[in-house]
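Just so you know, these numbers come straight off a predicted model, no measurement behind them. The sequence lines fix the lettering, A, B, ..., with proteins before strands; numbering per chain opens at 1.
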Amino acid sequence: MYVAVKGGERAIDNAHAWLEDARRGDRAVPDLEIAQIREQLALAVDRVMAEGSLYDPDLAALALKQARGDVIEAVFLIRAYRTTLPRFGSSLPVDTGAMQITRRISATYKDAPGGQVLGPTFDYTHRLLDFDLENGQPVPPAPEADAQAGPVPHILSHLGREGLIQAEPAGSEDVPDLTRAPLEFPAQRALRLQALTRGDEGFLLSLAYSTQRGYGRNHAFVGELRIGHVRVAAYLPELGFEIEFAEIQITECESVNQFQGSKTEPAQFTRGYGLVFGQSERKAISMALVDRALRARELGEDMADAPAQDEEFVLSHCDNIQSSGFLEHIKLPHYVDFQAELELIRKLRCAAAQGLEAAQ
Amino acid sequence: MTAETLSRRDWLGLIARAPLPLLEALWPDDPPPFDWLRRPETGAMMVQGRAGAVGAGFNLGEVSVTRASVRLQCGAIGHALVQGRSPRKAERAAVLDALLQTAAAQDVHARVLVPLQEAECAARETRARRAAATKVDFFTMVRGEG
Amino acid sequence: MTAQLTPGFANPPIEAAHAFRQVLEAMAHPGRIMGLAGIAAPAPCSAAAACVLLTLVDGTTPLHLAGAHDCAPVRDWVRFHLGAPLVGPQEAAFALGTWDALGPLAIYPQGSAEYPDRSATLIVECVALQASGARLTGPGIKDAAWLNLPDPAALRTNAALFPRGVDIMFTSGAQIAALPRSTQIGDA
């Protein structure tokens, strides 16, 4: 039995109009400007860019405004928009060693060359609400000090010189892209990293936490966490050379994990890697831990079969647009499916009642 | 590096990364007559990273860009691939690239490229100085205890 | 970059959609001669062939230029407008040239039984397209269509490979006609 139903257009139109009205809220309160969101809710903007997989702060701010601050809805808007953009090409891999640092810390070396640079961090705040913000007090500019010129080297490069940390193999020129070809398992690390960097921050955080609590034990140190600006270069065929056409802010985390060694590998440190658009260190650290957990098989570790080590489990569920799409579809009409279930339950009860009668 | 030594690669990047309001302020001129080889088109470039910062490439996500190409009446061809979604910025950038290959190059260098480069350097300098102010000085703490 | 570089579509979203529709109509009705023009093409490329390339080929579509079409003006045009990697016939998703220059069809990707779509599309530049010559029947053709094919025997061999094989678009000036692998080729 299939019954097609039609209708609800007026209800839908009015619901949309109310949505727009509710989004605007009290008209006595000034309308939010995109620039205000971009500048003052910058970390929400960064999250929308990272999970929307499109670096464009103004667009992410617009999406947040339209989505009434619902981050996943804003990510959905960005994902939908990016599918309309022609892809002109691919950049060269960004050189995070040449990053202009705004924050750079290491939990493994106190006196790392280049130093510990705290940057604009929440870490040492007392998490007390600042009621001055209610009144929009003027804020003085950040303090300055004399700066050394030049890039800051990666801390793990020192361990690498001693051979104490696993080397990163160079890959092929052909970089797989999960937005162009469906994900197949087992996936290369490049595909896993792409899925993780656009994955849901909350999901990755929980998975990373689970590895710390023993589900896939891989005790991790933050070898280095850096936030800053890098230039993005691409080769343009019509010019015959590369240009640095963009500058973006990114967060990078290299985790250092103890590794006892296996049949094929000596005891050494191994790496997990996180790289995320914008300023998002919780996400970058989570990504590094989950990346490392997903390498359990290739490193020949005893498989604990922990959720974070299960590639298919992690990659199939880390995308919040996929997840919310499937989750939320169950609120759409399932009238006929449900009628069938109802029929079945009635029949079963009826049969059970008759059986009872017959027994008496 | 002074603007006099800027290569075409340098100026294309400098203009591509510049904020449009600054570009407009520095060069409000009407463009010379030109033909479109490619009208401004907004799209995306895939940004790549490297696993473990130095290993195999992977796709990090896209960045919005706009490209355009023009030909001036003298035959000079200008290309632009600029960050963001502004057709206006792509047009200005492509025309500037073409002009920088003509007799107008010196003027454009002085009026546009030098200030753009100064602005970019100043922004980087401010960031670096702020970062330096948050650098932890462990030795000072030890002295303080002693 | 040569100074002869010519512009592409003046209004890409609209014109590319129109061109795509014409190419779709041509493929859906094998042998039907359709108009396709609107841009200046680099010699010796026809306007119709340039339209097909602008509409269907981009940086992810390997292109083979055969014979006289493999010249600096066409290469520059491809580099600027399409960004397509230029490759040999074995790796081509699209190929452009005259029938003789393109060579035997078997050197192009033919697809596999599992993935027949992993095959090449050949754009064959012709002196003229005429609704006469070989008799065409099959999907998209009501009774029969006629088209002046360069080598009916070779094209019959290609059709016999179905679902594998290559698809062909014949172009001349501002005209296009298509011959997908699903079309049966009779006698003249």
Side-chain angles (χ1 to χ4, degrees), chain A residues 50 53-56 59 82 85-94 96-97 100-102 110-111 115-119 142-148 154 168-172 175 177 189-190 193-194 197-198 229 232 234 236 238-239 241-248 252 254 271 273 275 277, chain B residues 7-17 37-38 41-67 69 77 79-86 93 97 120 123-139:
Chain A
S53 206
L54 182 69
Y55 195 97
D56 188 321
L59 214 54
R82 69 152 285 282
L85 295 176
R87 170 91 57 88
F88 295 153
S90 232
S91 81
L92 305 171
V94 291
T96 54
Q100 203 206 357
I101 302 287
T102 48
K110 177 168 73 75
D111 298 318
Q116 309 266 355
V117 177
L118 301 183
E144 296 183 10
D146 286 339
Q148 295 169 309
H154 276 111
E168 286 289 351
S172 65
V175 177
D177 184 354
R189 188 167 176 216
L193 290 171
Q194 185 183 10
T197 192
R198 71 210 299 266
H229 292 75
V232 187
L236 298 190
E238 62 263 38
L239 293 168
F241 52 83
E242 299 150 13
I243 67 165
E244 294 179 325
F245 65 93
E247 184 172 80
I248 61 173
E252 179 185 56
E254 291 186 279
R271 310 167 189 242
Y273 190 64
L275 187 66
F277 277 160
Chain B
S7 64
R8 189 171 180 211
R9 171 199 311 245
D10 294 329
W11 79 56
L12 282 166
L14 189 59
I15 299 169
R17 301 186 300 268
L37 286 177
R38 174 152 54 212
E41 182 185 15
T42 295
M45 289 290 280
M46 180 54 92
V47 181
Q48 290 187 2
R50 285 191 186 283
V54 291
F58 71 95
N59 288 314
L60 180 62
E62 289 164 312
V63 57
S64 61
V65 289
T66 304
R67 65 182 183 182
S69 296
I77 290 178
H79 294 295
L81 177 77
V82 302
Q83 185 171 8
R85 286 166 290 114
S86 167
D97 177 44
E120 193 171 61
R124 290 177 72 84
E125 174 71 12
T126 302
R127 246 187 246 140
R129 290 180 58 80
R130 289 179 169 192
T134 67
K135 189 165 163 180
V136 180
D137 185 352
F138 288 108
F139 298 104

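Residue pairs meeting the salt bridge (Lys or Arg N to Asp or Glu O under 4.0 Å) criterion with at least one partner in residues 55-67 of chain B, sequence neighbours excluded, are A:Arg82-B:Glu62, A:Arg87-B:Glu62, B:Glu41-B:Arg67.
Atom CG of A:Leu193 sits about 12.0 Å away from atom CD of B:Gln48, to the nearest 0.5 Å. Note: A:Tyr55 OH to B:Leu60 CG = 10.5 Å, rounded to the nearest 0.5 Å.
Using a 4.5 Å cut-off between heavy atoms, A:Pro169 touches chain B through its backbone atoms (N, CA, C, O) alone. Both the backbone and the side chain of A:Ala142 come within less than 4.5 Å of a heavy atom of chain B. Proximity to chain B (any heavy atom under 4.5 Å) is restricted, for A:Val232, to the side chain, taken from C-beta onward. When heavy atoms are compared at a cutoff of 4.5 Å, A:Thr197 approaches chain B solely by way of its side chain, counted from C-beta outward. Only the side chain of A:Glu254 comes within less than 4.5 Å of a heavy atom in chain B; its backbone stays farther off. Interface remark: A:Glu242 contributes backbone and side-chain atoms alike to the contact with chain B (heavy atom separation under 4.5 Å). Contacts of A:Ile101 with chain B are made by backbone atoms alone, with heavy-atom separations under 4.5 Å and no side-chain atom involved. With a 4.5 Å cut-off on non-hydrogen atoms, A:Thr96 touches chain B through its side chain but not through its backbone. Only the side chain of A:Leu236 comes within contact range of chain B, with heavy atoms under 4.5 Å apart.
Using a cutoff of 4.0 Å between basic side-chain nitrogens and carboxylate oxygens, A:Glu247 and B:Arg127 are scored as salt-bridged.
B:Ser64 contributes no side-chain N or O that, together with a main-chain N or O of A:Asp56, makes up a donor-acceptor pair within less than 3.5 Å. A donor-acceptor pair under 3.5 Å is absent between the side-chain atoms of A:Glu144 and the main chain of B:Ala133, judged by distance alone.
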Let me check something: any side-chain donor-acceptor pairs from residues 51-58 of chain B under 3.5 Å, sequence neighbours excluded? List them with distances.
none

